[in-house]
Novice: 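Structure below; questions to follow.
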Amino acid sequence: MASRVKWTVLPAIAMAWLVGAGPVALAGPSAAPRTPPIENPVSASFADTYADPAVVEGKDGWWYAYATSDPLRDGDPPGLMHIARTRDFRDWEYRGTVFSEATRPVYATATAGLWAPDVRYIEGRYVMYFTVTDTTLNPGEDSAIGAAEAPTPDGPWQPTEAPVVAPRPGNGGFLWTFDPAGLTDLEGNRYLYYGSYNGGIWVTRVSADGLSVAGEERLVAIDNKFEGAYVVRHDGWYYLMASSANCCAGPATGYSVFAGRSRSPLGPFVDADGIPLATSRAGGTIVVTQNGNRWIGAGHNAVLTDHAGRSFLVYHAIDRDDPWLSEPFGINRRPMLIDRLDWVDGWPRVRAGAGPSDSPQPAPVTGSDLGINPANPVAAFRGLAAGPVDPQSGATARVKGTATSKARLTARTFRLRLDVRGDRPVTVALGTRQNRLSVEVDPAGGELVVSGRQGGRGWSKRATIHAATPGWRTLVIEARPSALLVQLGEDDPQVEIRQQLRGRAAAPAPIRLSSPRTLVDNISVRTLARDARRLAPEPAAGRLLGGDEFRGGLDDRWTWVRQNPAAASCAGRWRRPTWSVPRTTPACCCARPRRATTSPR
């Protein structure tokens with residue numbers, strides 16, 4: 001009797017690894033201030049493609065997004081990296097290119113690509129790292145990491161005279177020195193990560209100004225596997241996120257982001273199963289991958305933190321239904337996406353594992369509560385005077401004596417953020433005598449001092465400020481009824497104090513700022529966000545959409561694309577060897593005939 005097989009088609013979204021539509025109700029985050037939603041791709045208003053994106057919050061109150069040197073729109077010439085900005089992540093303003101032909105790096109060949117910008121605020125100015133795919137320093141393609149400086153995130157950007165990381169010989173030519181990402185640790189040490197499939201991902205110490213190598217490089221992720229490194233510190237761990245697979249294969253792209261973590265910025269980085277990223281059998285815990293909706297090839301990420309303390313992944317992806325620019329031919333259409341990044345069981349997961357969104361989502365929280373305008377906070381405080389107009393920040397405020405907010409801070413859980421500048425101490429005081437919190441930044445003394453009184457007990461902690469800076473520092477206070485986190489730094493946190501609490505950090509009271517003479521700006525107070533506590537539910541197969549039955553062989557309606565003689569129906573199943581099965585393995589081994597229904601892999 002002829003064997004019989006039913007071939008089934010199931011809904012793509014149901015067969016996906018992860019649920020792709022809308023917020024995840026069962027794993028949703030805490031409530032945030034109501035803001036108009038955003039919808040991916042967030043770059044649609046000004047660009048068809050905006051690949052390798054990075055986002056920084058400028059001292060002027062704008063959020064700046066940078067992208068690689070692709071055409072912005074169909075038919076456009078490639079720009080020399082791009083700049084756009086927003087205040088709310090919904091309305092964007094394109095600002096132009098980073099370089100012109102007259103200002104591009106002198107060591108870049110005329111045909112070199114300038115890719116993957118990464119921007120940091122270092123010693124009072126902005127530093128951009130980027131890939132130079134071909135230099136004039138050697139014959140042949142010899143990529144390097146370039147750098148440029150600017151007084152503002154909008155530019156003007158002035159490239160350095162030589163690369164930060166020079167071309168590196170290896171593998172019969174030059175290793176791929178691509179995709180830079182900077183980091184500053186809690187001791188004030190600066191690092192630079194770079195590399196790609198040809199050579200792997202490496203890290204090296206760099207100088208205090210960020211412009212020269214100051215140590216030996218170290219491999220942190222294996223070659224032929226990862227590129228697009230980005231490192232963040234979270235809850236005492238350094239997380240290396242890196243992309244894997246082909247970034248640019250149109251509708252066949254499988255690009256995805258994986259993570260490992262370490263207690264040291266130098267590694268070793270291991271995934272959630274303890275498997276290292278730098279061994280031949282490399283690990284990697286999924287941060288984001290395709291989920292069955294229209295977005296594929298999700299990768300090359302950066303991370304931003306909004307005013308509520310929530311992390312967001314900034315990345316590019318490809319619309320499976322519109323994967324190419326029509327002109328110039330062969331350029332992938334990779335717009336910029338932004339999605340919530342939850343930290344679940346110690347690991348970063350986009351939307352708690354639900355993956356890229358294709359429906360309206362809550363935007364990153366900007367602005368402030370308590371009637372404070374972060375860009376010009378003078379009106380919200382008594383005793384706060386207008387300061388000088390700053391080239392980076394614009395309008396500023398001066399604390400001389402004590403300034404008090406007109407509204408009380410009543411939230412038990414909050415995030416307070418402000419920029420401070422000067423060499424005089426400044427103190428932020430919250431609460432009342434019996435339930436209080438005090439944070440003092442003393443630049444001249446080189447100390448961060450945090451003290452408080454909760455539950456009838458007082459306490460005090462100190463930490464060293466490792467380096468002076470002529471620029472702004474950002475002070476962040478995150479308070480929950482059980483824990484307090486205080487951080488200070490230029491870009492990444494460079495000083496940190498943690499304290500377990502017994503009850504709320506401070507009783508309801510106005511915010512008090514005290515200093516002999518200090519400039520402040522960008523004051524923001526928001527309810528502190530809370531991440532999802534568990535992963536989104538895994539999908540189940542949906543209803544049957546259609547099928548076909550086979551009796552014996554294939555009828556005339558079917559045509560082989562690449563016929564495999566070993567494929568056959570056997571014992572009620574369609575058997576077809578896959579690449580993971582040795583060619584010598586029998587296509588079918590029947591123990592007893594039976595009727596079965598299966599779905600093809």
Side-chain angles (χ1 to χ4, degrees), residues 56-57 59 120-127 182-192 205-211 214-215 231-238 263-265 305 309 387 390 392-393 396-400 402-403 415-430 437-452 459-479 483-499 505 511-524:
V56 298
E57 184 177 9
K59 301 304 178 185
R120 305 284 157 167
Y121 185 68
I122 298 174
E123 294 188 340
R125 90 285 195 217
Y126 293 87
V127 174
L183 175 79
T184 303
D185 69 11
L186 288 183
E187 284 69 51
N189 301 312
R190 303 196 194 279
Y191 301 87
L192 189 61
R205 286 272 303 273
V206 292
S207 57
D209 65 3
L211 299 182
V231 178
V232 296
R233 187 177 181 275
H234 182 81
D235 281 349
W237 293 92
Y238 292 92
R263 292 294 186 184
S264 166
T305 302
D390 183 81
Q392 292 180 344
S393 187
T396 64
R398 176 182 287 116
V399 181
K400 186 176 182 181
T402 298
R415 184 179 192 264
L416 190 157
R417 177 205 183 280
L418 71 157
D419 291 334
V420 298
R421 185 170 189 169
D423 57 3
R424 303 290 186 89
V426 59
T427 300
V428 180
L430 308 174
L437 176 66
S438 173
V439 177
E440 181 187 22
V441 178
D442 183 2
E447 280 194 321
L448 175 67
V449 183
V450 182
S451 61
W459 57 271
S460 179
K461 287 187 175 181
R462 298 171 180 267
T464 300
I465 300 174
H466 292 280
T469 177
W472 293 91
R473 287 188 173 97
T474 298
L475 175 66
V476 173
I477 304 170
E478 294 186 353
L484 174 73
L485 172 63
V486 179
Q487 295 176 324
L488 180 72
E490 295 173 298
D491 188 315
D492 298 309
Q494 294 169 266
V495 188
E496 180 178 283
I497 290 178
R498 293 177 178 268
Q499 174 68 23
I511 300 169
R512 298 182 301 281
L513 306 176
S514 302
S515 175
R517 190 180 181 91
T518 294
L519 295 182
V520 297
D521 200 8
N522 296 315
I523 302 175
S524 172

Novice: Could you tell me whether the side chain of D209 reaches within less than 4.5 Å of the side chain of R125, counting heavy atoms only?
Specialist: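 Side-chain contact under 4.5 Å: yes.
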
Novice: Identify the heavy atoms of L183 and P265 that sit nearest to each other, and give their distance.
Specialist: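 So the two residues come closest at CD2-CB, 3.8 Å.
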
Novice: Yes or no on side-chain contact (heavy atoms from CB on, under 4.5 Å) for V428 and I511, after CA distance, side-chain angles and deciding distance?
Specialist: CA-CA 7 Å; V428 180; I511 300 169; 4.3 Å; yes

Novice: Any donor and acceptor pair, going by atom type alone, linking the side chain of R415 with main-chain N or O of E478 inside 3.5 Å?
Specialist: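 Looks like no, no N/O pair under 3.5 Å.
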
Novice: Could you list the donor-acceptor pairs under 3.5 angstrom formed by side chains in residues 439-447, with sequence neighbours left out?
Specialist:
unit_1	atom_1	unit_2	atom_2	d
D442	OD1	G445	N	3.1
E447	OE1	R462	NH1	2.7

Novice: Does the side chain of Y238 reach to within under 4.5 Å of the side chain of R263, using non-hydrogen atoms?
Specialist: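 They are not in contact (no side-chain heavy atoms under 4.5 Å apart), so the answer is no.
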
Novice: Does some side-chain heavy atom of D185 sit less than 4.5 Å from a side-chain heavy atom of R233?
Specialist: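 No, too far: nothing below the 4.5 Å cut-off.
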
Novice: T469 and E123: which non-hydrogen atoms are nearest, and at how many Å?
Specialist: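 Distance-wise, the nearest heavy atoms are OG1-CA, 3.6 Å.
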
Novice: For D390, which residues count as a salt bridge (charged side-chain N to carboxylate O under 4.0 Å, His left out) partner, sequence neighbours excluded?
Specialist: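 With neighbours one apart ignored, the set is R421.
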
Novice: To check you understand the geometry: which heavy-atom pair defines the closest contact between I465 and R473, and what is its length?
Specialist: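 For I465 versus R473, the nearest heavy atoms are CG2-NH2, 3.6 Å.
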
Novice: Rounded to the nearest 0.5 Å, what's the gap from CG on L192 to CZ on R190? Could you check?
Specialist: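 Answer rounded to 0.5 Å: 12.0 Å.
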
Novice: Go through the structure and list residues passing side chain to side chain contact (heavy atoms under 4.5 Å, CB included) with S438, not counting sequence neighbours.
Specialist: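 Testing S438 for side chain to side chain contact (heavy atoms under 4.5 Å, CB included), a comparison that skips the adjacent residues, returns T427, S451.
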
Novice: Quick one: pull up CG in D419 and CG in L475 and give me the separation to the nearest 0.5 Å.
Specialist: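 One gets 9.5 Å once the value is rounded to the nearest 0.5 Å.
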
Novice: My understanding is that only one of K59, Q494, E57 makes a side chain to side chain donor-acceptor pair (under 3.5 Å) with T474; could you say which?
Specialist: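 Filter result, single survivor: K59.
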
Novice: State, with a plain yes or no, whether a side-chain heavy atom of L484 is found less than 4.5 Å away from one of V450.
Specialist: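 In short, these two side chains touch, coming nearer than 4.5 Å.
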
Novice: Does any part of the side chain of S514, heavy atoms only, come nearer than 4.5 Å to the side chain of V399, both counted from C-beta?
Specialist: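 Answer no - side chains too far apart.
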
Novice: Does the R398 side chain pair with the main chain of R517, one donor and one acceptor, at a distance under 3.5 Å?
Specialist: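 Judged by distance alone, no pair lies under 3.5 Å.
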
Novice: Could you list the residues that satisfy side chain to side chain contact (heavy atoms under 4.5 Å, CB included) with A463, not counting sequence neighbours?
Specialist: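 A463 satisfies side chain to side chain contact (heavy atoms under 4.5 Å, CB included) with V495, I497 once adjacent residues are dropped.
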
Novice: Taking salt bridge (charged side-chain N to carboxylate O under 4.0 Å, His left out) as the test, write out the residues that go with R498, two or more places apart.
Specialist: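 Applying salt bridge (charged side-chain N to carboxylate O under 4.0 Å, His left out) to R498 gives D235, E496.
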
Novice: Considering residues at least two apart in sequence or located in another chain, which fulfil the salt bridge (charged side-chain N to carboxylate O under 4.0 Å, His left out) criterion with D492?
Specialist: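 Per chain and number, D492 pairs via salt bridge (charged side-chain N to carboxylate O under 4.0 Å, His left out) with R120.
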
Novice: Got a donor-acceptor contact below 3.5 angstrom from the Y121 side chain to the W472 backbone?
Specialist: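 Yes.
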
Novice: Looking only at heavy atoms, what is the nearest atom pair of A479 and A505, with distance?
Specialist: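 Of all heavy-atom pairs spanning A479 and A505, the closest is CB-CB, 3.8 Å.
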
Novice: I want to check something: taking the side chain as every heavy atom from C-beta on, are L416 and L430 in contact at a cut-off of under 4.5 Å?
Specialist: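 L416 reaches L430 side chain to side chain.
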
